[in-house]
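Scroll down for the structure; my scribbles are underneath it.
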Amino acid sequence: MPLTDALATANNKLAAETEHCHQLTAQLLDYQLRYRLIGEATEDAVWDWNLRSGEVDRNHVASTLFGCTNSAADRSIEWWKDNIHPDDRTKVLDAFALAIESGQKSISAEYRFRKSDGNFADISDRGYFIFDASRNAVRAVGVMIDMTELERTKERLRQAEDKLIHLSRQNAMGTMASVIAHELNQPLAAIANYVRAGRRLAAAALSNAPPNFDLALEAAEQNALRAGQVVQRLRDLVKSRGVDRRTERLGALIHDANLIALVDAESAGVTCHVEPGIEGFTVTADRIQIQQVIINLVRNAMEALLTTDHRDIFISAREVDGLVEISVRDNGPGIPIDRRAGVFSDLMTTKATGMGIGLSICRTIIEAHGGKIWLADSLEPGTDFRFTLPAAARLDA
Amino acid sequence: MPLYSHFRLAGEGSPASGAVPNAAHNAVYVIDDHQAMRQSLDMLLGTLGIATRLFASAREFLDQLPSLVPAPLLLDITMPGMTGFELLETLVGRKITWPVLIMTGLNDEPLARRALALGAMAVLEKPFAAEDLESALSRALLAMTQGGAAPRTGTFDAAH
């Protein structure tokens, strides 16, 4: 029965091939699943680019992250080119073109890429090229990895490091300031004592002292005491301590801060005008922290005034809705429009010179007090920094 | 000079009743490791007619204590070896209640409070105004004439 035999053989062959087909289908499904799972697990956008057709096959991550659809337009390589950040596009496309032309096997590029929400993600892209026998690139596969969170974490880490450096430097400064304060206060105390003794001895012995003799010695005595105050306040500012919020007189706060901030104002030709009305305000605040903020603002103002002829700083206060609003204004050149938005986020804590703690720390301090700090829009030239603090009861003194 | 007058009163005439016998009227013990502080205080208090005895360390003062008559102490806190604070504790331990005025080169409020709690009469922050020193000293000298005991509660005279 050759026919039945032939049929049986064909049947067996078909069964075997069907079985093989089933196996292949199962294998294919398994590969597809694995491909998908890899995408799920890594959250990386896998791409497979056919360089001849210009078509790109992408896994589902591209649709969740970047809103890539299955349309012909989105499956084109042009979709990718269009969504690279305009500032990065030329650089990235040039790098890919060069890699293809020079027969490079792999490529890596970092660029910003538009997400479905319109924001840009920091992308790290790694690709691998496949060439045909005549060394033409025909296919490329790769992954786009979203580094945004990682970059943000790195940035936070960097900021934390900067703060740590600042704090450890401040700690060392605190120790040194204590030693210096102690050692300077001894001779200053001795000077004050000697001068007072001298004044008394002169008053008793000289019936005919030259005019201004005692005035000169009195001034010397007062200045020794003032120098002691400066040293003491400086030490208060830098010694390590916890936060201590109390009712504080704004006038005294500003006076003590200015002892430090304006220490070289006379030689810098800067005059600081403190509105007398400030004396009446009281705030709930950590004295030292707020002094650091004031010192920072006044020092910034002094730096800004270096380029101008008339160098004035104005400090004033007013009460607004249970808050005391303090203004530190200078008549310097002002901050350029394009730099205004970033002044509080600029990390200036590692600034090598100056006694400022940096505006970003100023903001942290003020916000921790339940206040706000901002750069006021002013019609007059110059810079006008303002901040608010919770008002304590107003004193009639 | 009106400023001197109350100091002179403390030393002149007959002591108030109940005064400590053998108390050194108008004398002060200065204990400070800084030579310029000792010398300048000696000159300054000299203009007020107040005699000083100078000690360069707490140890030196303790060594001579048995031969000393009661008088107020002008005591520096931060000194090498025994600190002024330790000397104050030692005096309290020995029930010696002569008035003690603390001098400190560091504005340290907790330390000042501890010194006052131990019976110090005042805390003076270096450099201090002559007026602050003199008003504290006049109270100390007055306390000597009125029985020699320092009040248990003092004041923190540091200028703020």
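Treat the numbers as computed from the prediction; the structure is a model and nothing was measured. In what follows, chains are A, B, ... by sequence order, proteins preceding strands, each numbered from 1.
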Distance, nearest 0.5 Å, that separates CG of B:D42 from CE of B:M37:
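The CE atom of B:M37 is 12.0 Å from CG of B:D42, to the nearest 0.5 Å.
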Within this structure, what is the CG-CD1 distance for the pair A:L389 and A:I326, rounded to the nearest 0.5 Å?
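Rounded to the nearest 0.5 Å, the CG-CD1 separation comes out at 4.5 Å.
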Do you know which of [options] has the most heavy-atom pairs under 4.5 Å to chain B?
options: A:Q222, A:R199, A:H182; result: A:H182
options: A:V231, A:I191, A:N193, A:D256; result: A:N193
options: A:L184, A:V195, A:L225, A:L188; result: A:L225
options: A:G228, A:A227, A:A189; result: A:A189

Side-chain (B:T52) to main-chain (B:V28) donor-acceptor, under 3.5 angstrom:
no
Which of B:A129, B:G46, B:S40 touches chain A most, by non-hydrogen pairs under 4.5 Å
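Of the options given, most contacts go to B:S40.
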Measure distances from A:E221 to the heavy atoms of chain B and classify the residue's part below 4.5 Å as side chain, backbone, both or neither.
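Contact with chain B: side chain only.
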Under 4.5 Å from any heavy atom of chain B, what part of A:Q186 do you find: side chain, backbone, both or neither?
both
Using the six-membered ring of A:F281, assess whether NZ or CZ of A:R249 lies under 6.0 Å from its centre and within 45 degrees of the ring axis.
no
With no hydrogens and no angle check, just 3.5 Å: does a side-chain donor-acceptor pair link A:H273 and A:D312?
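The criterion, which ignores hydrogens and geometry beyond distance, is satisfied for A:D312 and A:H273.
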Pair B:Q64, B:R53: side-chain N/O donor-acceptor within cut-off below 3.5 Å:
yes
